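Just so you know, these numbers come straight off a predicted model, no measurement behind them. In this chain, numbering begins with 1 at the start of the sequence shown.
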Amino acid sequence: MPRTERDVKGPRVATTVPADLLRRRHALVVVLTFLTGSADAVGFLSLGGAFSSVMTGNMVLLGLSAGRGNAELAVTSGCAILSFIAGVLAGARLAGSAQPDDPVWPRRVNRALILELLLFVVFLVVWEVNLPEHSERVDLMLLMLSAAALGVQSSAIQRFGVPGLSSTYLTGTLTSLIGGVAARSPWPILRPKAQVLLALMAGAAVGALVALHLTAWAPVLLIAPLLLVIAVASRFTD
């Protein structure tokens with residue numbers, strides 16, 4: 001059944017949107033969330049113990065570094081936060097803000113994702129050139145590239161204007177899911193939230209395995225899902 005965008009965009013004139021397009025958009029967001037989990041696992045295990053997308057976690061690490069007098073952790077977590085902010089700003093500039101007449105997947109979202117892709121291509125080059133081992137300086141550069149890329153992705157998803165929809169900060173998604181379970185919401189309402197959270201965990205699991213055992217292939221986990229999303233989205237972008 002088609003649904004309206006009123007519950008998605010906030011107050012606006014209701015428009016009928018084919019349900020299959022909404023499902024396709026959600027599927028692509030799930031793929032991006034898998035990328036996020038992979039990037040966070042690679043960042044945490046291989047790039048200094050900080051996260052590429054979980055900025056609340058990095059803020060906690062920054063606070064811990066002050067309490068423990070750990071300058072290295074402060075630099076790592078602080079640079080990740082600043083890079084993510086820079087990515088958000090750049091992504092917001094490219095993607096723009098949600099508009100009342102937006103299609104399901106605005107063209108400007110792909111523009112932001114292409115910038116994310118370029119950042120990850122640079123990540124790939126730096127990663128491979130500095131194998132088999134990276135210096136701490138190179139690790140910090142890679143973490144900053146990854147955090148900036150996910151900041152761009154975060155802004156791109158915000159362009160949809162869908163409350164609660166995100167591929168990078170998901171504590172609210174977990175809270176909403178558990179609240180829905182407690183309220184005995186029907187499975188079709190809970191399923192999209194569960195899919196996003198499972199994609200995050202699956203991405204982290206795969207990212208950890210690759211980072212630890214197939215190090216040279218780690219950047220592929222970041223680039224391949226993004227290429228897939230851009231290619232599929234370009235087929236129904238207006």
Side-chain angles (χ1 to χ4, degrees), residues 29 31-66 70-97 108-124 126-127 134 136-160 162 164-174 196-197 199-201 203-204 207-208 211 218-219 221-223 225-226 229:
V29 171
V31 173
L32 289 174
T33 308
F34 178 90
L35 183 164
T36 297
S38 298
D40 276 326
V42 171
F44 188 80
L45 293 174
S46 302
L47 303 178
F51 298 103
S52 298
S53 78
V54 187
M55 291 304 113
T56 49
N58 285 337
M59 290 176 187
V60 171
L61 291 176
L62 188 59
L64 285 174
S65 69
N70 188 333
E72 182 179 346
L73 182 59
V75 170
T76 301
S77 55
C79 285
I81 293 169
L82 292 176
S83 298
F84 185 87
I85 291 172
V88 169
L89 291 172
R93 187 80 172 175
L94 280 174
S97 57
R108 293 184 66 175
V109 171
N110 268 12
R111 294 179 186 174
L113 294 181
I114 289 171
L115 173 59
E116 180 185 5
L117 177 61
L118 292 175
L119 288 170
F120 276 135
V121 168
V122 176
F123 180 100
L124 167 66
V126 175
W127 180 281
H134 303 147
E136 291 182 0
R137 180 175 297 181
V138 170
D139 284 346
L140 182 59
M141 181 188 304
L142 289 167
L143 179 66
M144 292 173 68
L145 284 168
S146 182
L150 290 179
V152 172
Q153 179 179 302
S154 182
S155 288
I157 301 304
Q158 287 297 297
R159 173 60 196 262
F160 297 136
V162 182
L165 181 65
S166 175
S167 63
T168 53
Y169 46 96
L170 299 171
T171 302
T173 303
L174 176 61
V196 167
L197 294 171
L200 181 74
M201 291 185 287
L221 285 177
L222 312 180
I223 291 176
L226 192 53
V229 169

Practice item. Check whether any side-chain heavy atom of Phe120 lies under 4.5 Å from a side-chain heavy atom of Leu35, and answer yes or no. Key: yes

Point to revise | 4.5 Å side-chain heavy-atom contact, Leu170 and Leu197 | key: yes

Review point. CG/Leu119 to CD1/Ile114 distance, rounded to the nearest 0.5 angstrom?
Key: 12.5 Å

Point to revise | Within-4.5 Å side-chain heavy-atom neighbours: Asn58 and Leu61 | key: yes

Exercise for review: Determine, stepwise, if the pair Thr76 / Leu143 fulfils side-chain contact (heavy atoms from CB on, under 4.5 Å).
Suggested key: CA-CA 8 Å; Thr76 301; Leu143 179 66; 3.5 Å; yes

Exercise for review: Of all the heavy-atom pairs spanning Pro219 and Leu124, show the shortest one and how long it is.
Suggested key: CB-CD1, 3.5 Å

Practice item. Any chance you could measure Leu200, atom CG, to Thr168, atom OG1, to the nearest 0.5 Å? Key: 10.0 Å

Revision key, fill the gap. What one should report as the nearest heavy-atom pair of Ala149 and Glu116 is O-CG, 3.4 Å

Exercise for review: Return the orientation label for the His134 and Trp127 ring planes: parallel under 30°, perpendicular over 60°, tilted otherwise.
Suggested key: perpendicular

Exercise for review: For the pair Phe84 and Val88, evaluate side-chain contact (heavy atoms from CB on, under 4.5 Å) and give the outcome as yes or no after the intermediate values.
Suggested key: CA-CA 6 Å; Phe84 185 87; Val88 169; 3.5 Å; yes

Point to revise | Minimal non-hydrogen separation, Leu115 against Ala90, with atom names | key: CD2-CB, 4.0 Å

Check your understanding: Judged by atom type as modelled, is there a donor-acceptor pair below 3.5 Å linking the side chain of Arg108 to the main-chain atoms of Ala156?
Key -> no

Point to revise | Met141 versus Val126, closest heavy-atom pair with distance | key: SD-CG1, 4.1 Å

Practice item. Output, in order, the C-alpha distance, side-chain angles, deciding distance and verdict of side-chain contact (heavy atoms from CB on, under 4.5 Å) for Val29 and Phe160. Key: CA-CA 11 Å; Val29 171; Phe160 297 136; 4.3 Å; yes

Review point. Looking at CD1 of Ile157 and OG1 of Thr33, how far apart are the two atoms once the value is rounded to the nearest 0.5 Å?
Key: 7.5 Å

Review point. Do Ser46 and Asp139 come within less than 4.5 Å of each other through their side chains, counting heavy atoms only?
Key: no

Exercise for review: Indicate yes or no for a side-chain donor-acceptor contact from Asp40 to the backbone of Phe51 under 3.5 Å, with no hydrogens or angles considered.
Suggested key: no

Check your understanding: If you look at every heavy atom in Ala147 and Ser83, which pair is closest and at what distance?
Key -> CB-CB, 4.0 Å

Point to revise | Ser154 side chain to Leu150 backbone, donor-acceptor under 3.5 Å | key: no

Review point. Under 3.5 Å, is there a donor-acceptor pair between the side chain of Ser65 and the main chain of Leu62?
Key: yes

Point to revise | Nearest atoms (heavy-atom pairs only) where Ala112 meets Ala95 | key: CB-CB, 4.1 Å

Study note, to complete from the structure: Separation between CE (Met59) and OG (Ser77), nearest 0.5 Å, reads 10.5 Å

Practice item. Would you mind listing every side-chain hydrogen bond (donor to acceptor under 3.5 Å, both in side chains) that reaches into residues 144-153, with sequence neighbours excluded? Key: Thr36-Gln153, Ser52-Ser146, Gln153-Ser167

